[in-house]
Enquirer: 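The structure follows.
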Amino acid sequence: MVNTQELETVARGMVAKGKGILAADESMGTIKRRFDSIKIESNEDNRRAYREMLFTTKGIEESISGVILFDETLRTKASDGTPFAQLLSGKGIMPGIKVDKGPVDIPNFPGEVVTEGLDGLRARLKEYKELGAKFAKWRAVISIGDGIPTYTCLELNAEALARYAALCQEAGIVPIVEPEVLLDGSHTIERAHEVTEHTLKVTFTQLFLQRVYLEGMILKPSMVVPGKDSPKKANVEEVAERTIRCLKRTVPAAVPGIAFLSGGQSAESATEHLNAMNAMGPLPWEVTFSYARALQDPALKAWKGDPGNIGAAQKIFYHRAKCNSAARSGSYNKQMEAAA
Ligand code: 5MM
């Protein structure tokens with residue numbers, strides 16, 4: 001029996017006023033790429049040191065409700081021996097876990113992928129729950145290109161997202177459902193809008209068919225933005241207006257919250273877009289962030305793997321979290337950046 005009350009309480013806590021989620025669930029390949037950019041090796045010690053720098057930042061609990069962890073990180077202990085999950089819970093931050101196993105090519109559908117990880121998921125969720133995970137995340141990846149995405153790709157990914165979500169709820173874990181429409185390409189904002197709307201429609205149809213309890217889940221979508229190589233850029237108001245229009249057409253008001261991914265936008269753009277959407281309120285759901293790069297990148301660059309830079313990196317991380325917290329109520333402004 002699904003404990004709907006428990007799911008709803010956790011989901012509401014994840015999108016509490018002024019708060020959002022830190023995505024720190026980089027898989028091995030992704031964290032290696034991040035560390036390559038600051039020229040440090042991706043080994044267990046460096047991964048621990050980096051995540052410890054983020055998680056021990058004083059005051060982040062004012063703006064961060066939960067952190068998505070990778071399997072290794074959920075099992076890692078901070079340098080004083082406290083497991084990361086416990087360290088976060090002690091600050092009132094909920095630990096979450098990425099449970100998908102990443103995307104693989106779909107046979108007969110060049111350029112399209114489906115996310116794997118359903119085999120054995122029921123047992124893994126049981127263990128994650130025992131390790132303290134309150135919520136989970138599964139990411140589907142949708143590319144825009146010539147003739148893609150196909151309906152088959154959208155359908156396969158939506159089916160997997162809904163199966164994952166139902167299994168999470170059975171285990172008493174709140175699912176974050178993340179259908180990411182990639183920023184890569186030269187497509188227009190109109191095309192991004194069309195694809196995102198279609199993706200969300202198909203996703204919510206599957207969530208309905210598989211009886212997922214909408215009040216006990218969080219949606220993590222991409223914002224509607226033009227492809228990163230598109231010659232035609234969009235201003236902040238257009239992105240906010242199109243994204244909200246797209247979501248209002250597709251996301252039932254029963255869903256407590258929408259927590260955006262940043263998808264390769266700059267840290268400041270991701271904050272400005274979130275702010276503009278909340279300034280358009282009232283909205284049917286809480287609208288917040290679940291950023292990885294847009295929260296971490298400036299701090300990663302300041303840290304550079306040097307223990308002497310921890311204080312400076314934490315200040316930057318705290319500042320980004322604060323700016324996004326302000327964007328939750330539409331009260332962020334550029335002066336906040338200058339003041340920092
Ligand atoms: C941290 O990145 C997450 C895991 O990605 P990989 O499986 O590729 O390592 C990713 O799902 C992330 O949570 C979201 O995409 C949001 O990250 P951004 O950087 O787009 O805000």
Side-chain angles (χ1 to χ4, degrees), residues 20-27 29-31 33-34 37 67-68 70 98 100 102-103 111-113 115 137-145 148-149 153-154 157 161 176-200 203 218-230 232-236 238-247 250-251 257-278 287-301 320-321 323-324 327-328 332:
I21 296 162
L22 164 67
D25 57 319
E26 294 82 4
S27 55
T30 305
I31 195 71
R33 281 200 301 282
R34 303 280 181 267
S37 75
V67 178
I68 317 173
F70 182 62
K98 166 200 175 74
D100 68 69
E112 298 195 285
V113 293
T115 304
K137 195 206 77 178
W138 178 289
R139 171 174 171 256
V141 184
I142 310 297
S143 294
I144 301 182
I148 63 169
C153 169
L154 298 184
N157 277 293
L161 275 167
I176 296 183
V177 171
E178 180 182 7
E180 175 170 9
V181 176
L182 292 182
L183 196 69
D184 304 322
S186 53
H187 51 270
T188 60
I189 192 168
E190 288 82 4
R191 177 83 177 122
H193 188 159
E194 179 183 61
V195 170
T196 308
E197 194 170 321
H198 196 177
T199 302
L200 292 173
T203 302
I218 299 295
L219 177 73
K220 176 165 172 168
S222 7
M223 295 180 196
V224 176
V225 285
K228 70 170 188 273
D229 302 321
S230 170
K232 208 168 152 224
K233 305 296 168 212
N235 63 31
V236 174
E238 189 180 2
V239 170
E241 195 275 322
R242 276 194 181 272
T243 305
I244 293 299
R245 188 148 30 115
C246 181
L247 294 168
T250 51
V251 185
I258 292 174
F260 286 101
L261 59 93
S262 58
Q265 302 178 42
S266 72
E268 287 189 26
S269 289
T271 310
E272 281 182 289
H273 288 149
L274 179 65
N275 187 65
M277 283 187 261
N278 278 307
V287 171
T288 187
F289 57 91
S290 173
Y291 299 155
R293 285 164 286 179
L295 273 173
Q296 295 184 43
D297 276 1
L300 175 75
K301 288 198 176 80
R320 282 269 46 90
C323 289
N324 285 299
R328 285 282 280 104
Y332 164 78

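Values reported hereafter were calculated over all heavy atoms of this structure, with side chains retained and with hydrogens, waters and symmetry mates removed.
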Enquirer: As an exercise, state the distance from CZ of Arg34 to CD of Gln296, rounded to the nearest 0.5 Å.
Expert: 7.5 Å
Enquirer: side-chain hydrogen bond (donor to acceptor under 3.5 Å, both in side chains) with Asp100: which residues, sequence neighbours excluded?
Expert: Lys98
Enquirer: Sequence neighbours left out, what passes ring pair (Phe, Tyr, Trp, His ring centres under 6.0 Å) with Phe260? Give chain and number order.
Expert: none
Enquirer: Looking at residues at least two apart in the chain, or sitting in another chain, which of them share a salt bridge (charged side-chain N to carboxylate O under 4.0 Å, His left out) with Lys233?
Expert: none
Enquirer: Please list, chain by chain and in numerical order, all residues satisfying side-chain hydrogen bond (donor to acceptor under 3.5 Å, both in side chains) with Glu112, sequence neighbours excluded.
Expert: Thr150
Enquirer: Take Arg245 and Glu197 through the side-chain contact (heavy atoms from CB on, under 4.5 Å) test and state the conclusion after the steps.
Expert: CA-CA 9 Å; Arg245 188 148 30 115; Glu197 194 170 321; over 6 Å; no
Enquirer: My understanding is that only residues two or more places apart in sequence, or in another chain, count here; which of them pass side chain to side chain contact (heavy atoms under 4.5 Å, CB included) with Asn235?
Expert: Glu237, Glu238
Enquirer: Sequence neighbours left out, what passes salt bridge (charged side-chain N to carboxylate O under 4.0 Å, His left out) with Arg293? Give chain and number order.
Expert: none
Enquirer: With sequence neighbours excluded, tell me which residues meet side chain to side chain contact (heavy atoms under 4.5 Å, CB included) with Thr288.
Expert: Val15, Ala259, Arg328
Enquirer: Of all residues at least two apart in sequence or in a different chain, which pass the salt bridge (charged side-chain N to carboxylate O under 4.0 Å, His left out) check with Arg33?
Expert: none
Enquirer: Report the residues that fulfil side-chain hydrogen bond (donor to acceptor under 3.5 Å, both in side chains) with His187, sequence neighbours left out, ordered by chain and then residue number.
Expert: none
Enquirer: Going by the rule side chain to side chain contact (heavy atoms under 4.5 Å, CB included), which residues pair with Ala270 if we only count those two or more places apart in sequence or in a different chain?
Expert: Ser262, Gln265, Tyr291, Ala294
Enquirer: With Ser269, which residues qualify under side-chain hydrogen bond (donor to acceptor under 3.5 Å, both in side chains), at least two apart?
Expert: Ser266
Enquirer: The test is side-chain contact (heavy atoms from CB on, under 4.5 Å); show your working for Ile218 and Ser290 and say whether it passes.
Expert: CA-CA 10 Å; Ile218 299 295; Ser290 173; over 6 Å; no
Enquirer: Kindly write out the residues that satisfy side chain to side chain contact (heavy atoms under 4.5 Å, CB included) with Ala276, not counting sequence neighbours, or none if the list is empty.
Expert: Val236, Ala240
